[in-house]
Every structure is written in C-alpha cells, then in structure tokens.
Amino acid sequence: MSPLSTVRLVTPGSPREGDKLSFHWTTDAPDPKNWIGVYDGDRAPGTGSSLAWSYVTTAAGDVTLDTSGLGEGTYTAYLLAKDGYGILARTAPITIATRPPVLAPHAAVDSFTTGAYAAGSPVSVPLAPLWVRPPGNPAGTPSFRRLSGDAWLSVGADGTVTGTAPGRPGPHPGRIVVAVKDSAGASDAVTVQVPVRAAGSRPRLTVASLNLWDAGTHIDGRAEKLARLVLGQGLDVLALQETGGTSAKPLADALGWHSYDTPAGVGIVSRFPLTEAAAPVTDVPAVAATLQLPGGRRLRLWAAQLDEAGYGPYAVRDGRTPAEVEAAERASLRHRQATALLAAMKGDLAARNTPVVLAAGLASPSHLDRATKVRWPVTVALASAGLHDAFREAHPNPSREPGTTWSPVRPDEPQDRIDQVQYAGPLHVEAAYALCTGRPKPVPDTAANGWPSDHAAPAVTFTVR
C-alpha cells in the first residue's frame, strides 16, 4: 500500500441494506485507471470480482458506489492502481446492518369479542383506533365497509360498528366481518363478535394486574402488542403498574375504553365507565376508581404497586430463617405501604354491598404459597383486613398450581407469585390464572417478545352476585 494514499467511508455513518456508500480518496499516484472496489468479508482484490466499483482518475475526490444490492455483512473498500489489483489504500471494515422491514398498515387484531351488551341496547364499537400504521409508512386514511355478518350489525365508513342488540339473545354472539382499505394501499379484514346478555343477568368481568416494565420501553411495538393482548385475551379491566404516568390513556384510546392515569405510575384501563377516581394514596403508589357495570351495578377497583427493595425471597434463598425473613418484612417500606393502603381502603371494605377488587404488584409472595414456612406479612395483613386471594381460592394446592408471576423472562430469579388479584364483597370467582402469552425470550433479548412485560399478569374472571 502507498503511505500517501487513503480511502474512507464518508456516508452513511451506519449503513443498512439498500444504502449507497460514498467514499473520499487521496493518492500521490493518480492515474486514469485507478479504481475503488468493494469486497465482502476478508476476500482480497484479485480473488473474484468486486461487488461494486468505479474509476477514480484524480489525486483526490469523492465517489458514490451503487451498493444497494449488498446484504447484511462486513465489507472493505480498496483503492487500487492502474486497472489492476495493486492496493494503494483500504478502508476500515464496513458493517452493513439489516434494514428492518417496512410493514404495511394493518389491523392490530384479526378478530375479537366485545363486552356483552344488554338485550335491546345500542351497540357502538370503534375500529379505527385499532388501525396500525408502523413507522416509515406513508400517511393514509383507512375506510371501512361491511363484508358479511348478522343483519343487526353494520359499520360506518369511519369504522364504528353499530346496531341494536336483539331483544332475545341467541345461542351465539352477533358477528360482523369488516374490510379495511387504506388510502396508502394497504388492506385488511377484522371479525367482530358481539355477545348479547339477557336483561337482568349478572355482570361478568375479567380483571388483570399488569406491570408495564418501565412503561413498555423494553418491547418493540408495545402499543400494538398491548391492544392485541387485551382484545385477544378477552380482558375487561387492567390495573397497570410502571406506567410512567402516561400509559393508561393511549391504551384506552386504542380500545375505545376508559382510563385513569396518574403520576404515581399506576393507572386503570376499563371497558366500563370510571367514576369517583381517587388521587394516589399518600405514602403508597395506589389509586382507586368505581366501575359502572351493566344493570346499575358498581365495583370499586384499587390498583397498587408496593416497594420492591429488600425482596424477601432473596433472604430465603440465602438461608435466612423464617423468623428472620418475617422480621425484615415487617420492618420494610413494603409492609408500611401495605398498611397505608389498607387504611385507605377501609371505607370501601366496610361497604359490604359494593364489591372491592385489589389488583396489585405486591413485591411479596403469599403466605398461602409454597412450603417455606414464611408467613409473609403483606399478604397476612390483606387477609386480616377481609380480602380474599382469588387465585388461591380457585387453586388451593400451591404445589400443583404455583401461579408464578415473577418472572417469565428472568429464569435466574426466585420464581414466585408476587402479583395478585384480591377481592372482598359479593363476587364469585369463575376462573383465575397467571397470564403470559407465547414463549417470551429472556432478558436482554426481549425487544421482539409478544408478551409486553417481565411479569406474568394475574387475571381473574368474576361474576357479580
């Protein structure tokens, strides 16, 4: 190589597939047949043909090569002498990265089931918020039209499914298939099922507690994945933790639902209207709101997240005795927060005619779980206040049904049930389970996971008595 010759990549700084590469060269031996060629891997000039090239006839200058056909990999550009393979200079290795695919606009879900509508009541289901336009796509406007379905359901051009629920419920939900076409050229279809419940039937709802893990920042496409989770799993109410103070409303808007966001990092998203929202409790990240259920019924929902410091299962793992672990827990901020939370809930728990649900990240296992002989003070306090552990009520054998929520993406952590749904008042537990969809990859490879959290979500289906 010539010590007075150079060649270097100018743009782009971080090339991706499809980019054209621009180089700057200098040489003390200019020639009309000098040239720059690009080779892959460690392949040297003279071993096969260059992948892209151009003559460079002057002592210095800039040239852009059409490298748009190069795939992901490592390449080197050489400044070569007199139409031959004598190397005057070479670049540092150039890494070309994969260019993420540009996805077409599409519906977040292919099908979903709405909440149940009372016989004879008006139906309104907005589909437009579920139309997803991924980054990098041109702006466009979706339009909607009916493809097929039950005669009592229709859809407007704006994507709102409307109708009047039949006076007598049939054996199957109402159904409509809607075609979506975007002015940018994309198209899709969505099937919507609309259950109809008999007048006077008891309200039924599924409540889940979901930790958003730093407001979803560890997951790509989190907004679409959250909407897909809620609709695909038939959830009606979510108590959210680690929201960043602003995550509940965007999710509710995408669903056409109701929300309560708070700076405390906890929030509520609900299919049902929310009233009597309470500000975050002093000394604990917890909020409450009243769900206005069908038939004039009400349910008081509390969402909370207790402090995670001094995590008790670490002490158990390290060989501390049950007495030592319990003493540390009673002295913890977590236990003081649980005490403050129960004080705030006292009035609601005393109103026995209105059901109360606490959906929370407790950062503590349950005294009803495992054979560690630790009577975890947080859950003991909840039970003493009259709250019932919905999951353990449905699954009384902890060895057969552990209900683990921490953690599906951290296999080296103690595996425990630290997220819970508890209740008091006139409710019947129909089903209780730890929800985690798919097979999420462990940290740090979580960006592509469909599951949007590092916690599983406890979910409970209740019937209001």
Side-chain angles (χ1 to χ4, degrees), residues 205-216 222 226 229-230 233-244 247-248 251-252 255 257 259-262 264-272 274 280-281 284-289 291 299-308 334 337-338 341-342 345 348 355-366 368-369 376 378-379 382 387-395 402-409 416-424 427 429-437 451-462:
L205 71 161
T206 298
V207 179
S209 175
L210 180 62
N211 185 302
L212 292 184
W213 191 15
D214 298 331
R222 58 188 179 274
L226 281 170
L229 167 66
V230 173
Q233 297 299 316
L235 305 179
D236 298 297
V237 182
L238 287 94
L240 301 176
Q241 301 94 41
E242 293 193 27
T243 66
S247 298
L251 176 58
L255 301 168
W257 289 12
S259 67
Y260 181 38
D261 251 330
T262 72
V266 288
I268 297 171
V269 173
S270 169
R271 186 190 300 277
F272 310 103
L274 299 173
V281 177
V284 56
V287 296
L291 277 59
L299 182 147
R300 190 67 169 165
L301 176 73
W302 285 80
Q305 181 179 21
L306 304 187
D307 184 66
E308 298 174 347
R334 176 169 44 255
Q337 288 177 332
L341 174 62
L342 289 171
M345 295 179 66
D348 290 338
V356 178
V357 171
L358 169 64
L362 299 179
S364 168
S366 171
L368 302 176
D369 291 351
W376 297 99
V378 166
T379 57
L382 298 183
L387 287 161
H388 303 279
D389 183 333
F391 183 87
R392 198 50 70 210
E393 182 176 293
H395 307 285
T404 301
T405 63
W406 178 257
S407 162
V409 298
D416 285 290
R417 187 171 66 96
I418 65 173
D419 306 88
Q420 297 182 24
V421 175
Q422 303 226 359
Y423 76 97
L427 292 171
V429 177
E430 288 190 16
Y433 48 98
L435 176 61
C436 180
T437 57
W451 181 250
S453 178
D454 59 345
H455 293 241
V460 181
T461 300
F462 292 106

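Owing to the predicted nature of the structure, the values given are computational and were not obtained by experimental measurement.
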- Query: Can you name the residues that form a salt bridge (Lys or Arg N to Asp or Glu O under 4.0 Å) with R334, not counting sequence neighbours?
  - Reply: E329
- So do the side chains of P452 and L229 get within less than 4.5 Å of each other, counting heavy atoms only? yes
- Query: Which of these, L291, L301, L238, sits in a side chain to side chain contact (heavy atoms under 4.5 Å, CB included) with S270?
  - Reply: L291
- Query: What are the two closest heavy atoms between A363 and D307, and how far apart are they?
  - Reply: CB-O, 3.4 Å
- Task: List in chain and number order the residues that pass side chain to side chain donor-acceptor pair (under 3.5 Å) with Q233, two or more places apart in sequence or in another chain; answer none if no residue qualifies.
- Result: none
- Message: Between R271 (side chain only) and L235 (backbone N and O only), is there a donor and an acceptor less than 3.5 Å apart?
- Response: yes
- Query: Considering only heavy atoms from C-beta outward, does the side chain of Y423 approach that of V207 to under 4.5 Å?
  - Reply: no
- Flag for S209-Q420: side-chain donor and acceptor within less than 3.5 Å: no
- Distance-minimising heavy-atom pair for A289 and L274: CB-CD2, 4.2 Å
- Side-chain heavy-atom pair L362, L382 within 4.5 angstrom cut-off: yes
- Query: What closest approach, in Å, do T262 and P280 show between heavy atoms, and which atom pair accounts for it?
  - Reply: CB-CG, 3.9 Å
- Query: So which heavy atom on Y260 is nearest to which on A288, and how close?
  - Reply: CE2-O, 4.1 Å
- Residues V421 and A359: closest non-hydrogen pair is CG2-CB, 4.2 Å
- Query: Counting only N and O atoms by type, is there a donor-acceptor contact under 3.5 Å from the side chain of T243 to the main-chain atoms of G265?
  - Reply: yes
- Item | Heavy-atom closest pair, residues R222 and A215 | NE-O, 3.2 Å
- About how many Å separate CZ of R392 and CD of Q422, when rounded to the nearest 0.5 Å? 11.5 Å
- Under the side-chain contact (heavy atoms from CB on, under 4.5 Å) test, residues paired with A304 that sit two or more places apart: A286, L341, L358, A360
- Message: Applying side chain to side chain contact (heavy atoms under 4.5 Å, CB included) to S366 and D389, what does each step give before you reach the verdict?
- Response: CA-CA 9 Å; S366 171; D389 183 333; 3.8 Å; yes
- Only counting residues at least two apart or in another chain, list the ones meeting side-chain contact (heavy atoms from CB on, under 4.5 Å) with S407. V409, R410, D454
- Task: Flag the pair L299 / F272 as yes when at least one side-chain heavy-atom distance between them is below 4.5 Å, and no otherwise.
- Result: no
- Message: Under the rule for side-chain contact (heavy atoms from CB on, under 4.5 Å), what residues qualify as partners of P408, not counting sequence neighbours?
- Response: C436, P440, W451
- Is there side-chain contact between V356 and W302, with at least one heavy-atom pair below 4.5 Å? yes
- Minimum side-chain heavy-atom gap T379-L368 below 4.5 Å: no
- Message: In the structure I gave you, are the side-chain heavy atoms of H455 and Q241 within less than 4.5 Å of one another anywhere?
- Response: no
- Donor-acceptor contact below 3.5 Å, side chain T405 vs main chain D419: yes
- Listed partners of P365 passing side-chain contact (heavy atoms from CB on, under 4.5 Å), at least two apart: P313, W376, D416, I418
- Query: So, does E242 use its side chain to make a donor-acceptor pair with the main chain of D214 at under 3.5 Å?
  - Reply: yes
- Query: Do L226 and L210 have side chains that get closer than 4.5 Å, going by heavy atoms?
  - Reply: yes
- Note on the structure: Distance col, row S364:OG vs L306:CG, nearest 0.5 angstrom, shows 8.5 Å
- CG of L251 to CG of D261: how many Å apart, nearest 0.5 Å? 10.0 Å
